[in-house]
Amino acid sequence: MELSKNFIPNETEARWYEHWLEKGYFKSEPDEREAYSIVIPPPNVTGVLHMGHCLNNTIQDILIRRARMQGKNACWVPGTDHASIATEAKVVQMLRERGISKSSLSRDEFLSYAWEWKEKYGGIILQQLRKLGCSLDWDRTSFTMDPDYSASVIKVFTDLYSKGYIYRGKRMINWDVKAKTALSDEEVIYKDAQSKLYHVRYRIDRPDGPEEYITIATVRPETILGDSAICVNPADERYKHLQGQYAIVPLANRRIPIIADDYVAMDFGTGALKVTPAHDMNDYQLGEKYNLEVIDTMNDDGTMSEAAGMFIGIDRLEVRKLIVPELEKAGSLVKIEDYNNQVGYSERTDAMVEPRLSLQWWVSMKKISGPALDAVMQNDINFHPAKFKNLYRHWMENIKDWCISRQLWWGHRIPAYYAPDGSYAVAASKEEALAELQQTQPALTAEDLRQDEDCLDTWFSSWLWPFEVFKGMSAPGNAEVKYYYPTSTLVTAPEIIFFWVARMIMAGYEYMGEKPFSDVYFTGIVRDKQGRKMSKSLGNSPDLLGLIDKYGADAVRFGIMIASPAGNDILFDEASLEQGRNFNNKLWNALKLVKMWEGRQSGDAVADSNFAVNWFGNRLSQVRAEVNTLLEQFRLSEALKTLYSLIWDDFCSWYLEWIKPGFEQPINAAVYQQTLVYFEELTELLHPFMPFITEEIYHLLREHKDDLCVKQQKENSTSDQHVLDAGELLKQVISALRDARNKNQIKPKDSINLQIRTADTASYQPIEHILAKQVNAGSIQYTQNDTVPGSIVVAVEKDKFFIESEQQVDAEALKANLLKDLAYQEQFLVSVQKKLSNERFVQNAKPEIIALERKKEADAEARILTIRQSLENL
RNA sequence: GGGAGCAUAGCUCAGUUGGUUUAGAGCAUCUGCCUUACAAGCAGAGGGUCCGCGGUUCGAACCCGUGUGCUCCCA
């Protein structure tokens with residue numbers, strides 16, 4: 001069969017993925033084997049595949065494919081996250097495009113649109129993962145709003161509530177005025193802003209005394225209408241006489257106290273702080289401390305409320321402009337300064353976030369986080385890289401309560417039911433809630449009850465993911481969860497270490513009594529070439545499917561993995577995909593070369609092919625052990641680099657060249673057969689990283705009934721160091737001779753005669769043919785002479801090589817080179833001898849280190865002698 | 001303001017309890033080759049004050065201190 005010039009990925013990939021699916025290789029059922037399970041970090045249903053997913057899922061696929069090839073029962077569970085706020089925003093936008101406003105719909109109507117949207121677009125990202133070659137068990141596809149899953153979320157809520165871990169409280173939260181919902185701290189993005197600092201004076205309320213003012217500075221003058229105090233530092237001499245007095249809020253004409261607290265920085269602004277407990281985090285705390293009035297001047301849509309007393313119904317940002325001339329008119333405005341600060345915006349809607357007082361549901365984190373901190377600190381759960389342990393500990397030790405309610409419709413509705421008098425019950429159903437409330441209010445009916453309007457934070461469902469995908473909560477103790485839980489490895493981004501990883505660990509211990517996973521691999525963030533985070537707004541996110549089309553999935557997997565150690569951000573550059581494609585091509589061409597020999601096998605042994613076969617076998621064993629160690633340490637990119645070099649350099653550049661027969665010459669059948677075995681073993685090692693091309697080559701090399709995808713990898717075997725050393729020496733000699741040819745401008749086609757002076761002729765005899773072929777030598781002889789007239793001398797270790805050629809020797813150039821080398825060697829010798837003459841070194845260093853230094857010394861001395869002799873001869 | 005991380009070749013990065021390191025790889029650069037697997041290739045080469053300073057040690061890219069620069073997280 002004719003093989004194409006280059007590897008053509010697209011058709012091959014589709015064909016093999018179909019085949020693997022058909023054979024059911026990705027399916028997993030509990031059996032007697034050891035389980036290796038991974039749950040996918042569920043992508044948002046709104047998502048499309050981007051570079052972050054590509055990296056993350058490639059890593060998971062590498063781990064799961066390797067486990068599968070090592071005889072473990074590998075199970076990789078796919079699924080998606082309902083992504084409350086992101087999805088609701090998408091649906092609202094879709095409705096707007098259809099001319100429908102969310103406020104015109106009932107909750108149920110809205111939800112039916114949302115489900116419609118989810119069914120239509122929610123699976124796109126999972127389809128895209130197939131293109132990447134991901135070996136997920138598709139029959140297990142889960143969704144965080146599946147019926148059982150939802151029931152479990154509600155069960156967890158009611159359970160935590162009954163344990164007293166969940167409470168309802170009025171707190172200052174970040175308010176998104178566009179989505180009309182609370183945001184977690186993590187969903188607020190701070191941007192630098194050029195603001196104005198308004199200096200406003202408040203008249204001291206002193207009906208009889210002299211007129212006096214106290215001046216405050218604020219960037220949000222509209223909040224003046226909600227002021228309930230002015231605070232100064234108790235040590236501030238400027239204001240000492242005013243402490244305990246009262247001031248009048250401009251425009252509002254309200255009388256507020258002047259209080260003193262260390263919180264106020266004397267050197268910031270005017271040193272006097274206006275306190276607005278309803279609209280500022282810190283002011284709220286001051287308000288609590290001094291029992292100040294809370295005046296909420298803002299509606300949920302960001303417009304001014306009745307309580308503001310003026311500008312009612314106008315947006316707060318508009319009011320910020322309108323209030324300035326009013327203050328000026330009232331004689332209260334002192335001055336306006338430019339001021340650079342950071343302003344929070346909603347991650348989802350980009351609305352300027354307003355701190356707002358709101359009644360929300362909370363999880364009391366200190367009560368549930370204990371075992372989760374210990375598990376990581378005691379390495380019961382291992383982080384890769386371990387440096388993230390510090391970050392984790394810091395957060396866990398300073399953990400704050402978790403606001404779990406969101407003012408959204410899409411998600412799990414909070415199972416709290418309110419009676420008309422405001423009392424409520426938390427229960428899995430309305431009926432149960434009614435029964436509970438009837439104990440104190442027997443006359444209540446179901447019609448009287450109203451369920452909480454809010455939904456739960458998305459992370460309140462995804463923290464159950466590692467066990468609920470196996471129905472560990474909805475069908476406790478079932479065979480699957482017993483078999484697959486705890487899962488083996490979680491692969492995720494460090495940015496969600498708190499949102500998700502920490503909370504999964506907490507939920508795991510709380511509900512399964514065990515950790516959710518043993519290892520956590522943190523990927524880096526994929527950035528563009530300039531180091532910027534990839535984002536839609538920057539438009540620097542490449543089209544992944546387009547890249548797969550252009551380079552092939554294997555090349556994309558290679559490109560994203562080759563320079564991405566765990567936990568390091570990667571600067572993505574298409575050039576690395578090109579490298580991957582070139583690697584594909586190299587493999588393909590090696591296949592073509594080997595296939596050319598298929599019909600040319602003969603029984604004749606080519607003398608020194610045995611050396612090559614023996615050497616590569618040992619080299620393969622050595623690298624296999626290295627790669628296995630690297631993979632066990634989760635050093636995936638190092639493992640891939642090692643394989644890349646084994647295949648490109650050792651296999652293609654050295655081994656295949658060493659065994660390659662002359663033009664249209666036969667190849668020894670045993671050598672050919674062993675070469676097939678080696679090539680297959682290489683595809684085996686590489687398969688987890690580049691599944692498609694390796695499967696293709698495996699089958700093209702020779703007929704196989706099995707597939708590489710499920711082939712069991714060969715176990716580690718030992719390698720013979722002497723053989724490896726002999727191979728290295730041969731490479732070194734070849735390179736040195738080629739270098740000498742190059743430097744002396746001997747054309748590649750020009751043949752040379754080679755004379756070798758060595759104490760160990762026997763070690764060269766088996767490799768004479770290889771050596772001759774690789775350096776284009778017409779003949780090889782051994783000599784006892786120190787010099788060969790008219791030749792170029794090359795020294796490798798203690799042996800000398802004399803190159804004789806037609807080419808005139810350029811004595812000057814040769815001399816210059818030798819002198820340069822001599823200087824280097826002499827300097828080297830000095831450094832080694834200095835070390836060896838240091839008594840403390842000889843006393844303290846390990847014996848093998850000293851032996852090594854002695855060898856260095858002897859080799860350097862031998863080389864220096866050779867160079868000196870050569871110089872004399874010139 | 002609090003905490004963490006990083007700094008190695010032109011670029012991107014390895015360097016795993018301090019000793020095969022006068023420091024490696026890929027890309028880029030330079031030289032020579034269209035050699036019947038591969039020019040998306042082959043054979044070679046050049047390129048480094050391991051951020052500065054101080055310390056520990058027989059020995060430091062690696063450990064400690066300090067300075068500088070960058071990044072991230074939290075407020």
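Residue numbering restarts at 1 for every chain, and letters A, B, ... go by the order of the sequence lines.
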J.: Is the phosphate of B:G15, meaning OP1 or OP2, less than 4.0 Å from a side-chain N or O of A:Arg635?
T.: yes
J.: What integer distance in Å separates A:Phe558:CZ from B:C13:C1'?
T.: 13 Å
J.: Between A:Val275 and A:Cys231, which heavy-atom pair has the shortest distance, and what is it?
T.: CG2-CB, 3.8 Å
J.: Any N or O donor-acceptor pair linking the side chain of A:Arg840 to the base of B:U57 at under 3.5 Å?
T.: no
J.: When all nucleic acid strands are considered with a 4.0 Å heavy-atom cut-off, which category describes A:Lys660: base, sugar-phosphate, or nothing?
T.: base
J.: Using the C1' atoms only, state how far B:G41 lies from B:U36, rounded to an integer number of Å.
T.: 14 Å
J.: Any side-chain N or O of A:Ser735 under 4.0 Å from OP1/OP2 of B:G44?
T.: yes
J.: Would you confirm whether A:Asn618, through its side chain, and A:Asp720, through its main-chain N or O, come within 3.5 Å as a donor-acceptor pair?
T.: yes
J.: Under 4.0 Å: is that the gap between some side-chain N or O of A:Trp654 and OP1 or OP2 of B:A43?
T.: no
J.: By the 4.0 Å heavy-atom rule, please label A:Leu571 as base, sugar-phosphate, or nothing.
T.: sugar-phosphate
J.: Nearest of B:A40, B:G19, B:G44 to any side-chain atom of A:Arg738?
T.: B:G44
J.: Considering every strand and a 4.0 Å limit on heavy-atom distances, what is the contact class for A:Ala845: base, sugar-phosphate, or nothing?
T.: base
J.: Do A:Asp649 and A:Arg619 sit within salt-bridge range, that is, some charged N less than 4.0 Å from a carboxylate O?
T.: no
J.: Do we see a donor-acceptor contact under 3.5 Å between the side chains of A:Gln774 and A:Trp654?
T.: no
J.: Please confirm whether the shortest side-chain N or O distance from A:Lys586 to OP1 or OP2 of B:C42 is below 4.0 Å.
T.: yes
J.: Considering only NZ, NE, NH1 and NH2 on the basic side and carboxylate oxygens on the acidic side, decide whether A:Arg220 and A:Glu354 come within less than 4.0 Å.
T.: yes
J.: Calculate the interatomic distance between A:Tyr824 atom OH and B:A23 atom P; express it in whole Å.
T.: 6 Å
J.: Using a heavy-atom cut-off of 4.0 Å across all strands, would you classify A:Trp648 as base, sugar-phosphate, or nothing?
T.: sugar-phosphate
J.: Is there side-chain contact between A:Ile59 and A:Phe634, with heavy atoms separated by less than 4.5 Å?
T.: no
J.: Does a side-chain N or O from A:Asn6 land closer than 4.0 Å to OP1 or OP2 of B:C38, or not?
T.: no
J.: Between A:Glu680 and A:Arg702, does at least one N-O distance fall below 4.0 Å, as a salt bridge requires?
T.: yes
J.: What's the gap between B:A43 and B:G19 when it is taken at their C1' atoms, as a whole Å value?
T.: 35 Å
J.: Can you give me the dot-bracket string for RNA chain B, 5' to 3', counting Watson-Crick and G-U wobble pairs with both distances under 3.5 Å, using [ ] for crossing pairs and | for partners on another strand?
T.: (((((((..((((.....[....)))).(((((.......))))).....(((((..]....)))))))))))).
J.: Check the distance between B:G2's C1' and A:Leu391's CG and give it to me in whole angstrom.
T.: 14 Å
J.: Please report, rounded to the nearest Å, how far the C1' atom of B:U16 is from the NZ atom of A:Lys641.
T.: 14 Å
J.: Over all strands shown, is A:Asn838 touching base, sugar-phosphate only, or nothing at heavy-atom distances under 4.0 angstrom?
T.: sugar-phosphate
J.: Given B:G5, B:G32, B:A37, identify the nucleotide with an atom nearest to the side chain of A:Lys747.
T.: B:G32
J.: Got a second to check how far A:Ile8's CD1 is from A:Glu13's CD, nearest 0.5 Å?
T.: 12.0 Å
J.: Tell me the interatomic distance from A:Asp649, atom CG, to B:A43, atom C1', rounded to whole angstroms.
T.: 13 Å
J.: Between A:Lys592 (NZ) and B:A37 (P), how many Å, whole number?
T.: 9 Å
J.: For the side chain of A:Arg581 and the base of B:A40, is some donor closer than 3.5 Å to an acceptor across the two?
T.: yes
J.: Base of B:A37, side chain of A:Glu657 - is there a donor-acceptor contact under 3.5 Å?
T.: yes
J.: Quick check: on RNA chain B, is the nucleotide nearest A:Asp573 upstream (toward 5') of the one nearest A:Lys856, or the reverse? Name the residue that is more 5'.
T.: A:Lys856
J.: Between B:U71 and B:A9, how far apart are the two C1' atoms, rounded to whole Å?
T.: 22 Å
J.: Rounded to the nearest angstrom, tell me the gap between atom CG in A:Asn398 and atom C1' in B:G2.
T.: 10 Å
J.: Between atom CH2 in A:Trp658 and atom P in B:A37, what is the gap in whole Å?
T.: 19 Å
J.: Rounded to whole angstrom, note down the C1' distance from B:C51 over to B:A40.
T.: 38 Å
J.: Using the closest heavy atom to pick a nucleotide of RNA chain B for each, name whichever of A:Cys652 or A:Gln579 lands nearer the 5' end.
T.: A:Gln579
J.: Distance check, P atoms only: B:U68 and B:G52, in whole angstrom units.
T.: 15 Å
J.: Expressed in whole Å, how much space separates the P atoms belonging to B:U56 and B:G65?
T.: 15 Å
J.: Under 4.0 angstrom, heavy atoms only, what part of the nucleic acid is A:Glu495 near: base, sugar-phosphate, or nothing?
T.: nothing
J.: With ring-ring contact (aromatic ring centres under 6.0 Å, His included) as the test, pick out the partner of A:Phe558 among A:Phe689, A:Phe692, A:Tyr644.
T.: A:Tyr644
J.: Taking A:Gln745 for the side chain and A:Asn742 for the main chain, is one N or O donor matched with an acceptor at less than 3.5 Å?
T.: no
J.: For nucleotides B:G18 and B:A23, find the distance between their C1' atoms and express it as a whole number of Å.
T.: 14 Å
J.: Check this one for me: any side-chain N or O of A:Ser653 less than 4.0 Å away from OP1 or OP2 of B:A43?
T.: yes
J.: Heavy atoms only: give me the nearest A:Pro661-A:Arg600 pair and the separation to one decimal.
T.: CG-NH1, 4.1 Å
J.: Of the listed nucleotides (B:U35, B:G44, B:C73), which one gets closest to any side-chain atom of A:Asn742?
T.: B:G44
J.: Between B:G24 and B:A14, how far apart are the C1' atoms? Round to whole Å, please.
T.: 7 Å
J.: Indicate, with a heavy-atom threshold strictly under 4.0 Å, whether A:Ser576 touches base, sugar-phosphate, or nothing.
T.: nothing
J.: Given B:A75, is OP1 or OP2 found less than 4.0 Å from the side-chain N or O atoms of A:Lys400?
T.: yes
